[in-house]
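Each remark here refers to the structure printed beneath this line.
Since the model is a prediction, treat every value here as computed from it, not as a measurement.
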Amino acid sequence: MVTNRGLSSSAVLLLLLHLAFLFRHGVPLSSSSRADDTIADGQPLYGGQSLVSKRGKFKLGFFQPDNSSQHWYVGIQYNQISAHDIVWVANREAPITDLYSSQLSISKDGNMVILDRRGNNSPTIIWSTNATTTNIASVPATVGVILDTGNLVLAEASNTSNVLWQSFDHFSDTWLPGGKLGRNKRTGEVDRLVAWKGSNDPSPSMFSLELDPRGTSQYLLNWNGSEQYWSSGNWSAAGHIFAGVPEMTAADASHGFPYTFNYDDAGDASYFTYGVDDDAVVAHFRMDVAGQIKFLMWVAGGGNGGGGAGDGEWQQFWSQPKAHCDVHALCGPSGLCTDNALPFCSCPRGFRQRRPLEWGRGDYTSGCARNAGLRLCGGRGMNGGGKQDRFYAMADVKLPSDGQSVVAASGGADCELACLGSCSCTAYAYNGSCWVWHGDFVNLRDMSGIGEATGGTIWIRLAASEFTGAGEGHRRRILVVVGVVVAAAIIIAVVSIIATRRSWRTIKASRRVVEGSFLVAFTYRDLQLVTNNFSEKLGAGAFGSVFKGSLGADPAAAAPVVAVKKLEGDLQGEKQFRAEVSTLGTVQHVNLIRLLGFCSEGTRRLLVYEHMPNGSLDKHLFGASSTSSSHRVVLSWDTRYRLALGIARGLEYLHEKCRDCVIHCDIKPENILLDGTFSPKVADFGLAKLMGRDFSRVLTTMRGTVGYLAPEWIAGTAITAKADVFSYGMVLFELVSGRRNAEQRPDGTVDFFPATAAGLLFGGGGGDLAGAVDSRIGGDADMDEVERACKVACWCVQDDENARPSMGTVVQVLEGLMDLNVPPIPTSFKMLADPSKYVQFFTCLPSTSNDIIYTSREPMD
């Protein structure tokens, strides 16, 4: 059923008619890069925003190394390749905790700073360039600029060639072409490439590359700034190579280095620079998390070599050390390194990972810890029971470093006694000479897969409890059997109690997982229990009612809260319903509501979703009468812009990144749900159509909601994902204005806000748009963003679907990565301004499938 939301029937028909006609082709969105590459006083970069260099090669902005992390950083990344690798991080040791209160800005003393709100405190500086003096009166106006070289510079605003600070002097883990990696001969300070601590942790690790601080022209790989484990050898100006890198002498460019090194030893600095042969080639040196220095080149997806844009992959051209296990202390204290296995690091018998979470992120440097403490010098170990420590023999290994020789030991037995007699000895080896290790040992390396017997044998000291004799083994087996029986009895009792008290069928339901998805097929009885017999109603729509539920057996205990929707009316057949539910169950995106399960028993069809505590967008925008004022929030402009971007990202995923293109068909504020942080979730896929990637259009019956329907629906032509784009544009107008797009004036005419916004937009000057913004915001809106949003909305509601942008383009525009041409005014807007140009004739007939069927006559010339 369609409601007119307070308008007269003629006004509704007038609103519908403007969608019926397709006449003109618009000018497509400009693909030029965003011109704004600068941070200036009063023009900061806010959390979630980004700047792009002039030619679009690099992007500066806020990023999360891992979506599961709550930490944010400011960094530089590639912008024109699909990998988007981070090449520089400002605040490596001081992550941002509150993204939306943070900013990168110019401070009063002229420095570039990152501000972050910690807890309830006011924003504080967590990072600064520290380039200018503290005498504010003498500091010139400064700006920050991201360059196409990937260099972020702080320069005088009146003369940007006067650089006061640059990221190329403060490396992270990546050395880009043009950067100077060297040493200050006057102060002794050296530049370093320092690896990330883990794959999702930009904080500095123990591994670094630097020019020899002692004054030679060789590069060194160091652990903890002191332990050298690789050298490039000194630079030969005549041969133009490093002595320790003979592959640089290869004459064939396809096997040699595709870049040119230059060494400068004049003045106060010694440094190397390098450049690639082709400006289109994307390449860099990177200090890897595993302690290797690597040269990587981007190879385009077509396989034509180092293309500079689009899909492709990184290919490793060169690395040192060649073997991973040549990296000093790669596996940390007491870790075991194996070159021919993944992962490279493991723990020997009697040891466990010291910090499993770090190991899971690829950071093994915490090493391994003992399962049981040693008895040592007459003391009692934690699990040894007072028994003598014993030794475990590990053969075919390269012995750890830092061993100490025991001259007095003349054989293996003497060597073992020498170790047992020491309070701190943890391992020994005898290969004609006796060697012992104290405390943790490092660089233990498995040589068993090398192919020849090149390794030795180490005897590792373990607590007696790590060894099991025959009698002990029998008793342990008995204890294990008894433990299993007792555990099984407890489990059976608990399951029986739960089944008796609550009659829950969770175990049965959890086994009915739909093939190809993570959905649970609930029984109707299950959902009666979940919702307490559908007692708490959250809302209702044209296709059913929604009830609040809990997946916990005990309503008084904390448990996942869900929303259960009871579908009503003449719905799809069983096979089609399950097929579409199964497909939608695989759709997972942060801006799409998550479908958890379903029920299909006879005519009963129910869907189980995650619960959204802040309800739907319309309640906060329009103040729905069904919602108490205490639950309404006046959305700030920043929140509205985030909502617009989040909705666009969700639709982009549906249209462009799912296995099948999913057309939602009913985008409107009522179908945008808000989680606890007011992040948007596109919901209600009851009308969605699935379209295979081999098809560009799909024929379907009319479906959707009055006021958000694209013209092609009414014209009866096959639809594409551009129908959702039109609906999104109408929602975007309502986000700006905070009211319905069509409202009836006292004189009976219709105030159509999109036409008003277009008039202000084309009337010249974004400042005029201030009157279009929701008055409840009180003028607190970024007018550049308002203008951008209105332009995007005008493009999205073009009469010709080919003139509308894709949702992927919309996302890029809202993120500021693409610029906009001025859109043409849609023909429908002009017709609404002059009703004499058409005949009002509309028929609205509800179909038996809850779709809406419309017919219309053509406008008169």
Side-chain angles (χ1 to χ4, degrees), residues 36 38-51 59-77 86 88-130 143-144 146 152 154 200-203 590-591 613-614 617 620 632-649 674-681 735 773-774 776-786 788-789 811 814-817:
D36 187 7
T38 303
I39 299 170
D41 185 21
Q43 296 178 327
L45 186 69
Y46 291 106
Q49 294 181 329
S50 59
L51 299 179
K59 178 169 66 174
L60 169 70
F62 296 76
F63 75 95
Q64 255 182 323
D66 186 336
N67 289 334
S68 64
S69 169
Q70 298 301 313
H71 293 162
W72 291 82
Y73 300 85
V74 173
I76 300 171
Q77 66 185 118
I86 303 295
W88 181 80
V89 183
N91 54 320
R92 296 184 71 174
E93 299 180 80
I96 293 166
T97 57
D98 185 354
L99 175 65
Y100 295 108
S101 68
S102 64
Q103 60 178 265
L104 177 65
S105 59
I106 301 297
S107 65
K108 292 181 179 179
D109 64 4
N111 279 297
M112 203 158 19
V113 298
I114 298 176
L115 298 176
D116 181 34
R117 188 188 304 275
R118 301 296 174 97
N120 295 322
N121 300 322
S122 59
T124 57
I125 296 175
I126 63 169
W127 176 86
S128 172
T129 52
N130 292 323
V143 292
I146 176 65
L152 175 64
L154 178 71
N200 60 355
D201 183 358
S203 60
V590 68
N591 294 121
N614 280 316
L617 176 60
H620 301 285
R632 301 177 203 159
V633 174
V634 177
L635 303 176
S636 68
W637 174 254
D638 287 343
T639 299
R640 296 181 194 219
Y641 201 78
R642 283 196 294 112
L643 290 173
L645 189 54
I647 298 166
R649 285 170 175 161
L674 307 177
D675 67 10
T677 63
F678 282 89
S679 294
K681 306 269 188 177
L735 274 170
V773 181
D774 190 343
R776 292 174 294 174
I777 299 178
D780 186 14
D782 185 324
M783 294 315 300
D784 288 337
E785 291 181 346
V786 172
R788 187 184 307 144
V811 169
L814 292 179
E815 287 179 338
L817 303 181

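- None of Gln49, Lys59, Arg649 except one satisfies the side chain to side chain donor-acceptor pair (under 3.5 Å) rule with Glu815; the exception is Arg649.
- At distances below 3.5 Å, not a single donor-acceptor pair connects side-chain atoms of Asp116 with backbone N or O atoms of Pro123.
- Remark: Ser679 OG to Ile647 CD1 distance equals 11.0 Å, nearest 0.5 Å.
- Side-chain atoms of Ser203 do not come within 3.5 Å of backbone N or O of Glu93 as any donor-acceptor pair.
- Distance check, rounded to the nearest 0.5 Å: CH2 of Trp72 to CG of Leu99 gives 4.5 Å.
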| message | Under the criterion side-chain contact (heavy atoms from CB on, under 4.5 Å), I'd like the reasoning laid out for Met112 against Leu152: C-alpha separation, chi angles, the key distance, then a yes or no. | response | CA-CA 10 Å; Met112 203 158 19; Leu152 175 64; 4.0 Å; yes

| query | Passes side-chain contact (heavy atoms from CB on, under 4.5 Å), Asp36 versus Asp784? Steps please. | reply | CA-CA 12 Å; Asp36 187 7; Asp784 288 337; over 6 Å; no

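- One N or O on the side chain of Asp675 and one on the backbone of Phe678 form a donor-acceptor pair closer than 3.5 Å.
- Contact check for Val74 versus Val89: no side-chain heavy atoms found under the 4.5 Å cut-off.
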| request: Check the pair Trp127, Leu104 against side-chain contact (heavy atoms from CB on, under 4.5 Å), reporting the backbone distance first and the verdict last. | output: CA-CA 9 Å; Trp127 176 86; Leu104 177 65; 4.1 Å; yes

| request: Give the C-alpha distance, both sets of side-chain angles, the deciding distance and a yes or no for side-chain hydrogen bond (donor to acceptor under 3.5 Å, both in side chains) between Asp638 and Ser636. | output: CA-CA 5 Å; Asp638 287 343; Ser636 68; 5.3 Å; no

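- Of all the heavy atoms in Gly144 and Ile106, the pair that sits closest is N-CD1, 4.1 Å.
- Annotation: side chain to side chain donor-acceptor pair (under 3.5 Å) contacts of Asp780 (sequence neighbours excluded): none.
- Below 30°, between 30° and 60°, or above 60°: for Tyr641 and Trp637 the angle between ring planes is between 30° and 60°, a tilted geometry.
- The minimum heavy-atom distance between Arg117 and Asp98, with the atom names listed, is O-CB, 3.7 Å.
- The shortest distance between side-chain heavy atoms of Leu635 and Leu617 falls below 4.5 Å.
- Not a single side chain to side chain donor-acceptor pair (under 3.5 Å) links Asp782 to another residue, sequence neighbours left out.
- Atoms CG and CD1, on Asn91 and Ile114 in that order, are 4.0 Å from each other to the nearest 0.5 Å.
- The backbone N or O of Ser128 lies less than 3.5 Å from no partner atom in the side chain of Asn111, so there is not a single donor-acceptor pair.
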| field | Check against side-chain contact (heavy atoms from CB on, under 4.5 Å), Lys681 and Leu674 | value | CA-CA 6 Å; Lys681 306 269 188 177; Leu674 307 177; over 6 Å; no

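- Across all non-hydrogen atoms, the minimal contact from Leu45 to Gly61 is CD2-CA, 4.1 Å.
- How far CD1 of Ile146 is from CH2 of Trp88: 8.5 Å, rounded to the nearest 0.5 Å.
- Nearest heavy-atom pair, Val773 versus Ala781, reported as atom, atom and distance to 0.1 Å: CG1-CB, 4.2 Å.
- How far CZ of Arg92 is from OH of Tyr73: 9.5 Å, rounded to the nearest 0.5 Å.
- The two residues Arg642 and Tyr100 come nearest to each other via the heavy atoms CD-CE2, 2.7 Å.
- Judged by distance alone, the side chain of Asn591 and the main-chain N or O of Pro680 form a donor-acceptor pair under 3.5 Å.
- In this structure, Ser50 and Leu817 approach most closely via the heavy-atom pair OG-CD2, 3.7 Å.
- Of the possible donor and acceptor atoms, one in the side chain of Arg640 sits under 3.5 Å from a partner among the backbone N and O of Leu735.
- Of the options Leu115, Thr97, Ile96, a side chain to side chain contact (heavy atoms under 4.5 Å, CB included) to Ile126 is made by Ile96 and by none of the others.
- A donor-acceptor contact shorter than 3.5 Å links the side chain of His620 to the backbone of Asn614.
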